[in-house]
Amino acid sequence: MYGSAKSRVQLQKQDSSHKLPRMPLTDDQRQAIKVSYAKLAENPTKYGNELFIRLFADFPDYKDIWPRFRAIPDSSIVGSDQLRTHATVYMKGLGTIVSKIENEEELQDIIKKIAQAHIKFNISRSHVEHMAPSLLAVLKNANGSIDPGTKEAWEAFFEIFGDVLVQLTKGR
């Protein structure tokens, strides 16, 4: 599990129409996410592809989560239009989150919306947590390095997203 017990938000079962609890990211963490994402925003498809290639290399069965990837042989997925499209959509969503990172209400709304869209694919907390190392590797590659505070900020973010997924899944 990422983050410390202090940074973890305890989400209670709520009707999905209720607001989520405050996102437990510090101002420094929000800024670290925003600054480190800027390089990825310069070429989101490239970096999104890299992220999913890393993820599928570490977790080959994750390719089967999305129906659009199931028929593509592992040897062909790297250059596929389906991966490029999915990577672009993923990075657009991540970019939207980053653009809302300083506005608590908008951040809650977009995280909730994106999490709800992933429930139909049975995306779980562990799937989300497994994204973090791939994204951190891509961030390090794009930025040359990442400091421990930036790493902690992204890990906290993925933990929060996982918590939101759990909450929304229980609320179904």
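Not measured: the values here are computed from a predicted model.
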Please identify each residue that fulfils side chain to side chain contact (heavy atoms under 4.5 Å, CB included) with [X], with sequence neighbours left out.
X: Glu102; result: Gln31, Lys34
X: Lys151; result: Leu136, Ile146, Glu155
X: Lys39; result: Glu42, Tyr47, Ala142, Asn143
X: Asn103; result: Glu105, Glu106

How long is the straight-line distance from [atom2] of [Y] back to [atom1] of [X], given to the nearest 0.5 Å?
X: Ser134; Y: Leu51; atom1: OG; atom2: CG; result: 5.5 Å
X: Arg68; Y: Ile77; atom1: CZ; atom2: CD1; result: 10.5 Å
X: Phe161; Y: Ile114; atom1: CZ; atom2: CD1; result: 6.0 Å
X: Leu135; Y: Tyr37; atom1: CG; atom2: OH; result: 9.0 Å

Is any side-chain heavy atom of [X] less than 4.5 Å from a side-chain heavy atom of [Y]?
X: Met131; Y: Tyr90; value: yes
X: Ile123; Y: Ile119; value: no
X: Arg30; Y: Leu25; value: yes

Query raised in the report: Between Ala87 and Thr45, what is the shortest heavy-atom contact and its length?
Result: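 Nearest pair, atom of Ala87 first, then Thr45: CB-O, 4.2 Å.
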Throw together a table of side-chain donor-acceptor distances under 3.5 angstrom for residues 91-101, partners on residues two or more places apart or in other chains.
{"from": "Thr96", "atom 1": "OG1", "to": "Lys92", "atom 2": "O", "distance (Å)": "3.0"}
{"from": "Ser99", "atom 1": "OG", "to": "Thr96", "atom 2": "O", "distance (Å)": "2.7"}

Query - Working for side-chain hydrogen bond (donor to acceptor under 3.5 Å, both in side chains), residues Ser36 and Thr150 - result: CA-CA 7 Å; Ser36 63; Thr150 299; 5.2 Å; no
Parallel, tilted or perpendicular, judged at 30° and 60°: which one describes the rings of [X] and [Y]?
X: Phe121; Y: His118; result: perpendicular
X: Phe56; Y: Phe52; result: tilted
X: His86; Y: Phe69; result: perpendicular

Query raised in the report: Same cluster or not: are Ile65 and Val89 linked, directly or through other Ile, Leu, Val, Met, Phe, Trp or Tyr residues, by side-chain heavy atoms under 4.5 angstrom apart?
Result: no
Report task. Examine Leu139 and Val35 and state if one hydrophobic cluster contains both, with Ile, Leu, Val, Met, Phe, Trp and Tyr joined whenever side-chain heavy atoms are less than 4.5 Å apart. Result -> no
Checking [X] side chain against [Y] main chain: does a donor-acceptor pair fall under 3.5 Å?
X: Arg84; Y: Gly79; value: yes
X: Thr169; Y: Leu165; value: yes
X: His127; Y: Ser124; value: yes
X: Glu152; Y: Gly149; value: no

Query - Pairwise salt bridge (charged side-chain N to carboxylate O under 4.0 Å, His left out) hits with a residue in residues 130-145, at least two apart - result: none
Query - Ionic contact status for Glu50 with Arg54, cut-off 4.0 Å - result: yes
